[in-house]
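Everything on this sheet refers to the single structure shown next.
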Amino acid sequence: MKNFSRAYPQAALCGLNCLLCPMCVGGYCPGCGGEGSQGCPRARCARDRGITDFCFRCGEYPCGRYAGIGDYDSFVPTRCMEADMERIRTMGPEVYVAELEKKRAILDELLAEWNDGRKKSLYCAAVYLLDLESLRGTVEQVGNCVPGDAERKERASRMAAALQEAAGARNISLKLRKKPKQR
């Protein structure tokens, strides 16, 4: 958004984790702040109110712009936005962003070493929704039992299955929830 910059563009004003979004990973969106997110009503509101880090700084948070948030997903899961916003508030943005950067390093590894060209959305959702220790453990476990010279498709399949299993053990669905069609 023009004339609007933020100290922590890795996480959006609303609590989305931009650093883990496939649009950011692909270089299609820089997140809110700078030239990104031109149409986001929350970003426009924050800019107009002089809030440059997170919406929870506003005295009206959560406002009507948050109605229905988390009901369906966009490019990333939105079901954790409120909880992530609370984590940012309690941990502090520096600590939260440091954790996001560690998760992004895992995501980068998954995309570079374990992707058959069809797993980007799954990996982004898994890294977004699973806690850091679960991710590290799962990636390490699969890395230890799948040879590096295995076919890329086999490697991707094994990693995807392990991430699905780790998510299932925590009652987390890695499938993005689509907005219901209006009739």
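- For the atom pair E133 CD and E140 CD, the distance stands at 10.0 Å (nearest 0.5 Å).
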- Would you sort out whether M159 and Y123 count as a side chain to side chain contact (heavy atoms under 4.5 Å, CB included), showing the intermediate values? CA-CA 9 Å; M159 183 60 75; Y123 291 162; 3.6 Å; yes
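- R118 CZ: 12 or fewer foreign heavy atoms inside a 6.0 Å radius.
- Taking every heavy atom of both residues into account, A160 and K119 meet most closely at CB-CE, 3.7 Å.
- When hydrophobic clusters are built by joining Ile, Leu, Val, Met, Phe, Trp and Tyr residues whose side-chain heavy atoms come closer than 4.5 Å, directly or via intermediates, M85 is grouped together with V97.
- With a 6.0 Å radius and a threshold of 12 heavy atoms from other residues, nucleotides or ligands, E60 has its CD atom at or below the threshold.
- A salt bridge does not link R104 with E101: every distance from a Lys NZ or Arg NE/NH1/NH2 to an Asp or Glu carboxylate oxygen is 4.0 Å or more.
- Here the side chains of V146 and W114 are in contact, with some heavy-atom distance below 4.5 Å.
- Two different hydrophobic clusters hold Y128 and L176 under the rule that ILVMFWY side chains link at heavy-atom gaps under 4.5 Å.
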Show me, pair by pair, the donor-acceptor contacts under 3.5 angstrom made by side chains of residues 14-31, not counting sequence neighbours?
| unit_1 | atom_1 | unit_2 | atom_2 | d |
| --- | --- | --- | --- | --- |
| N17 | OD1 | Y96 | OH | 2.7 |
| N17 | ND2 | D84 | OD2 | 3.2 |
| N17 | ND2 | Y96 | OH | 3.2 |

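- By the ring pair (Phe, Tyr, Trp, His ring centres under 6.0 Å) test, Y72 pairs with no residue at all, sequence neighbours left out.
- Between the SG atom in C124 and the CG atom in L110 there is a gap of 9.5 Å [rounded to 0.5 Å].
- Taken to the nearest 0.5 Å, the OG atom of S173 stands 7.5 Å off from the CD atom of Q164.
- Of the possible polar contacts, one joining the K103 side chain to the L130 backbone as a donor-acceptor pair under 3.5 Å is found.
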- Kindly determine whether C55 and R65 satisfy side chain to side chain contact (heavy atoms under 4.5 Å, CB included), including the steps that lead there. CA-CA 10 Å; C55 289; R65 288 178 183 81; over 6 Å; no
- Mind running side chain to side chain contact (heavy atoms under 4.5 Å, CB included) on R42 and I69 for me, showing each step along the way? CA-CA 12 Å; R42 289 179 291 278; I69 206 127; 3.6 Å; yes
- Message: I'd like to know whether E82 forms a side chain to side chain contact (heavy atoms under 4.5 Å, CB included) with E86, so could you lay out the CA-CA distance, the side-chain angles of the two residues, the decisive distance to 0.1 Å, and finally the verdict.
- Response: CA-CA 6 Å; E82 290 180 76; E86 187 56 31; over 6 Å; no
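- Ionic pairing of R177 and D73 is present here: one or more N-O contacts between side-chain nitrogen and carboxylate oxygen are shorter than 4.0 angstrom.
- Looking at every heavy atom in both residues, I106 comes nearest to R136 through CD1-CG, 3.8 Å.
- For the side-chain contact (heavy atoms from CB on, under 4.5 Å) criterion with L129, the lone passing option out of L174, V76, L135 is L174.
- Transitive grouping of hydrophobic side chains (ILVMFWY, heavy atoms separated by less than 4.5 Å) brings L100 and M81 into a common cluster.
- Salt bridge K102/E99: absent, no basic N to carboxylate O contact under 4.0 Å.
- The distance from atom CZ of R152 to atom CG of N115, rounded to the nearest 0.5 Å, is 7.0 Å.
- Taking the salt bridge (Lys or Arg N to Asp or Glu O under 4.0 Å) definition, one finds that E165 meets it with nothing, sequence neighbours left out.
- Aromatic pair Y61/F54: ring centres not closer than 6.0 Å.
- Atom-to-atom distance recorded for L13:CG and I88:CD1 is 9.5 Å, nearest 0.5 angstrom.
- Between the side chain of R155 and the backbone N or O of D149 there is no donor-acceptor pair closer than 3.5 Å.
- Shortest non-hydrogen contact noted between R6 and A12 is NH2-C, 3.7 Å.
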